[in-house]
Amino acid sequence: MAQPYSQLPRWVDYGLIPLINLTVAFLVAGLVVLAVGENPLRAAVLMVEGAFGSGDGIGYTLYYATNFIFTGLAVAVAFHCGLFNIGGEGQAYIGGLGVAVGCLAFDSVFPWWINLPIATLCAAAFGGLWALIPALLQAKRGSHVVITTIMFNFIAASLMVYLLVDVLKPVGQMAVETRPFAEGASLPRLDWMIEAFGFTIRRAPLNITFLLALITSFLVWILIWRTRLGYEIRTMGHSPKAAQYAGINTTKIIVITMMISGGLAGMMALNPVMGAQERLQLDFVTGAGFVGIAVALMGRSHPAGIIPAAILFGMLYQGGAEMSFEMPAITRDMIVIIQGLVILFAGALEHMFRPYISLFFGRIADSSLKAAPATTGEGH
Amino acid sequence: MIEAFNTIILILDSTVRLSVPLLLACLAGLYSERAGVFDIGLEGKMLAGAFAGAAAASVYGSAWIGLVAAILVSIALSLVHGFASITHRGNQIVSGVAINFIAAGSTIILGQAWFRQGGRTPPLGSDGSRFETINLPFADSINGIPVLGPIYSELLSGHSILVYVAFAAVPLTWWVLFRTRFGLRLRAVGENPAAVDTAGISVVWLRYRAVICCGILCGLAGAYLSVAQNAGFVKDMTAGKGFIALAALIFAKWKPINAMYACLLFGFLDAIAIRFSGIKIPGLFEIPAQFMQALPYILTVILLAGFIGKAIPPKAGGQPYVKER
Amino acid sequence: MAEYAIELAGINKSFGPVKANRDINLQIKQGTIHGIIGENGAGKSTLMSILYGFYQADSGEISIDGKNTKINSSNDAIALGIGMVHQHFMLVENFTVLENIILGAEDSQLLSGSISKARSELVRLEKEYELNVDPDAIIEELPVGIQQRVEILKALYRGAEILILDEPTGVLTPSEADHLFRILEQLKEQGKTIVLITHKLREIMAVTDEVSVMRQGTIVATRKTDKTSVEELAELMVGRRVLLRVEKGDPNPGEIKLAVQNLTVRDSRGIDMVKNVSLDVRAGEIVGIAGVAGNGQSQLIEAITGIRPAKEGRVLLDGEPIDVTGQADPAMLRKRGLAHVPEDRHHMGLVLAFEEAENSILGYHDDPSYLSGPMLNIEAIRNDARDKIEKYDIRPANCRLKTANFSGGNQQKIVLAREMETDPSVLIVGQPTRGVDVGAIEFIHKRIIEMRDAGKAVLLVSVELDEIRSLADRIIVMFDGKVVGECGPEATEGELGLLMAGVTNDKIEAAE
């Protein structure tokens, strides 16, 4: 019996194809730069220099990457359950509220190493709870989680404006933000990490949540591929009927997965709110929740893919900011286009080049088979 | 009493204005989703259409050229969606998300590059570069008649042509869907594409035509925003209307007449929110402005939770068509 | 008019590495009923799809009515007067009969003209061929037999002279099938050419003039039907003597292991699919449930196994009641010794995207031997999978290969190994050999009998009458959600056929 699916080598599936898709996305983005009258090559050089050319550049790149690791993981976990959580933006925003609540309560009581776990729990709990209603509506009513999480993004935005303006803002203060956190909620910087490579870092707010993001990535890998819960999530994602047959409580799995997803999105808030601004500000998420979609698609919903994808987007954000100094015609919104193109080519069009690549590798396999008819195919 | 009546007329009048972009986008989604292609890229297409419309209208000084440009750009994005989800059988939700981002980013980048006004297009004047309001016959003369006068002259008269186009599109869509060959095939391909295929009709071409219809209507919606309702394009001016239109479509159970009611309801909520935002209810409490802004979304969720009945989407919706072996 | 309605010469078709059709040569005479018989996967449907323009042949010639033609699309086929009744009906379920009939054959851009024309044409066709259908009925509200008539009417409305029917009786009761055959005879008398694709020998013998046998993508023989026999065709089909009876000893029934009492199951549409069903399965016996697909068997099994809640009734497992109307869930029932090989292997029994080892614990993944705390014990899971691979001869013997890459037979073995190796007291098996190659069928049947001989209670559901008759010790027939009869394995196909059509003994007597 022949294999119904053409098997490609793993490095092609997880390396070459995403790389090709990404390249095409960047080529199209280059055309946009060209249309605006700038040189795409120079833009790319400026971008890479801006992102990696200095200690601060690297610091900012990794600072942004931290946000995207969290939101990328959030989208990926939901993907594994067959759910498309577009609500990362709102969940991260509400997660920020959790961070603020935790920090404002204990910032002058505890040192940072107690406040960080508290804030993390608050952020995850708030983000998770914000995903609860869409999760319940999906699980119990079948209302598509895509639609409801979009609605919850808008509701979150309104709620946060209300809370910041009318509740959290100290009386008499002009800026719409909470009071600055006290010393106890200030997180250690990771300047030493950059300096170890001989760079100097001054402004970049790279902080310990970057390491937390890496640890969280590892834990998500464990969760999805090594725990019983992860097994149930993946079963549900691939085949709800099989999940039902296996006695998996599908309602529970949808709700748990969405809450984990929302919790991961909420944890993103730790980085800007606690690690950088040290207060809760309006609109601090700035689209990171949506970048998570691109990151998860590019990283194939696997932490090992999400981390490099997040760093790439961190590079785009930081490098893009530097580039717009040199090229005023290109604002940072260029990244939104690139994000869209990555989602298009790595997501919706992910199979566009696959047949050609299969054909190419099929030919190689054929000829090697002819050359060595005795081998059993395990070679290479 | 008269003041209350006038207030009601004013709210209803702005309901009509506010529901028009929703209605056009909702009907756009209806064509696409009835053919089995889910589209959460309505927002992006509307936004791109609004930008193209305002940009062309200001450059050529003609609202009509703006309208054509809006429609063409919106169709182009529809074709991208079709290319990904029909030709390459990609995930329709993912493709829609991508289109929203591409539209959001490129309208700002191109707007800044071309006009250098912080993402805005130059304001459109009354030199024909903007759709003017149309006064229906006798609107002024019968304004004085109580009740009926204001209803006719304020509510029905005095809108731009695109408002009338939008409401005419409702019965037209119904007629196309249920009384023409194209409509029969379009509904069939959203339910069972294999039946359409074996009947000798191209599933791919049929679905492309459906997404092109979707593109035309999204272009109209965008042009309405930037060339009729407002005098020019402002960054992110759709502000979630595409998503509200999508919710309205679900509400309407993918039926054209219901779609009009759903959009009028959301337009009405919006009108009330604008009118009463931050208004204090004396002696009781204050309704925060933000709550009123969020109300359409909250109501959508509440309705999705319970009162929507059973909304059964087109059976083949979201599924790329693959010939079975 | 040419002598042959259809002539095929040297047709080849491959799907990737799979050669579905190899050098097919076939001539079908005008005005005859020509049968094409072969096992599942022999290439029958591919060949007919080529004829209908659904696929294009890689090489070869097609002549219709003596003229050499190219059929590049269904449109071409329709224009050449070819109509097809597909195995899965190509109908839009929420459309009316009339709308379905005109779909793709509309006269103009507006529907009104086409609809009234179709209505009068339908009346004519109904008279001519006794194909009575309400033109304004919604398809999903019609019984399958009527839906099939709509498919035939669709083809005739398009002026079909050649009618291809792909496994038309799979969903029909024997009496509905007989009605269909009368319709086909009538069509033949009107000069239509009919191609009947089936894997059922009885049908070939009943209605065809000539028969071609397909095996592994080629036509191995063409015979005049009255010059051949069931035995010869069966041998040609499988390429060797068929074991019509599975070797097994007498049953040795013990105590009742599974008791179903007055079970009623309602589906999501609010229709009672299972009506007041009672049955017992004893240790050491195989009880077979026969019936045409869609008569409540699936819902019955889903209720017993806890996948779907029942509306009312009781189920006793090992004498202990299980709460089938409420809290029963598959995981709990498995722990109490109920194993289930589901009929929908691809979506329910397996997760095709999983590695083999991951599927070998599906449903048993909370068993402590596969876990260490909340973590999966990967080593234990893989070792266990390797044991099962060896014991059930699952090929390729690689527990880390994606399940989608196994053949149908080997996929089924993965499920069987998982469900049988837990030493259950009750085993429920649905359609065990659907889409499974011949070699594996024997293996699977043997294993089921071994389970019985080991004292397990086995409940077997199959739409293959042969399978039921050769495996079951007692046969229960379901029709329209009810148990309409019970008989021993010695019952004839005719007796079972009547029961499957809902004709109970009392009804026969009443009719007489």
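Throughout, a chain's letter reflects where its sequence line sits, starting with A, and its residues are numbered from 1. All values below were derived from every heavy atom in this structure, side-chain atoms included, with hydrogens, water molecules and symmetry-related copies excluded.
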(request) Describe, in one word, how the ring planes of A/Y317 and A/Y64 are oriented to each other, choosing from parallel (under 30°), tilted (30 to 60°) and perpendicular (over 60°). (result) tilted
(message) Among B/N100, B/T238, B/D39, exactly one meets side chain to side chain donor-acceptor pair (under 3.5 Å) together with B/K45. Which residue is that?
(response) B/D39
(message) Give me the atom names and distance for the closest heavy-atom approach of B/C263 to B/C26.
(response) SG-CB, 3.6 Å
(message) So if I take each residue of residues 135-152 of chain A and look for any heavy atom under 4.5 Å from a heavy atom in chain B, which residues do I end up with?
(response) A/L137, A/R141, A/S143, A/V146, A/I147, A/T148, A/I150, A/M151, A/F152
(message) Which atoms of B/L246 are under 4.5 Å from chain A, going by heavy atoms: the side chain, the backbone, both sets, or neither?
(response) side chain
(request) Report yes if the side chains of B/P122 and B/Q117 come closer than 4.5 Å at any heavy-atom pair, otherwise no. (result) yes
(message) Looking at chain A, which one of B/Y297, B/F291, B/F83 has the largest number of heavy-atom pairs inside 4.5 Å, strictly under?
(response) B/Y297
(message) Let's test your reading of the structure: which of B/N91, B/I93, B/I244 forms the most heavy-atom pairs below 4.5 Å with chain A?
(response) B/I93
(request) Working to the nearest 0.5 Å, report the span between CZ of B/F101 and CD1 of A/I293. (result) 5.0 Å
(request) Select one option (side chain, backbone, both, neither) describing which atoms of A/I86 are under 4.5 Å from chain B's heavy atoms. (result) side chain
(request) Supply the atom-to-atom distance B/H81 NE2 to B/C218 SG, rounded to the nearest 0.5 angstrom. (result) 10.0 Å
(request) Output yes when A/E350 and A/R300 qualify as a salt bridge under the 4.0 Å nitrogen-oxygen rule, no when they do not. (result) yes
(request) Compare every heavy atom of B/L30 with every heavy atom of B/K255, then report the nearest pair and how far apart it is. (result) C-CD1, 3.6 Å
(request) Might you confirm whether atom OH of B/Y261 has over 12 heavy atoms from other residues, nucleotides or ligands at distances under 6.0 Å? (result) no
(message) Which atoms of B/I40 are under 4.5 Å from chain A, going by heavy atoms: the side chain, the backbone, both sets, or neither?
(response) side chain
(message) Which heavy atom of B/I75 sits nearest to which heavy atom of B/G215, and what is that distance?
(response) CG1-C, 4.0 Å
(message) I'd like to verify something: which residue of A/D166, A/V161, A/I338 has the highest number of heavy-atom pairs under 4.5 Å with chain B?
(response) A/V161
(message) Under a 4.5 Å cutoff for heavy-atom pairs, which residue among A/E38, A/Q339, A/H351 has the most contacts with chain B?
(response) A/Q339
(message) At a 4.5 Å cut-off on heavy atoms, which part of A/F84 comes close to chain B: side chain, backbone, both, or neither?
(response) side chain
(request) Quick one: do A/N153 and A/Q91 satisfy side-chain hydrogen bond (donor to acceptor under 3.5 Å, both in side chains)? Show the steps, please. (result) CA-CA 7 Å; A/N153 284 342; A/Q91 290 144 13; over 6 Å; no
(message) Just so I understand: if I count every heavy-atom pair under 4.5 Å between each of B/G90, B/A84, B/A98 and chain A, which residue has the most?
(response) B/A98
(request) Below 4.5 Å from any heavy atom of chain A, which atoms of B/S85 appear? Answer side chain, backbone, both or neither. (result) neither
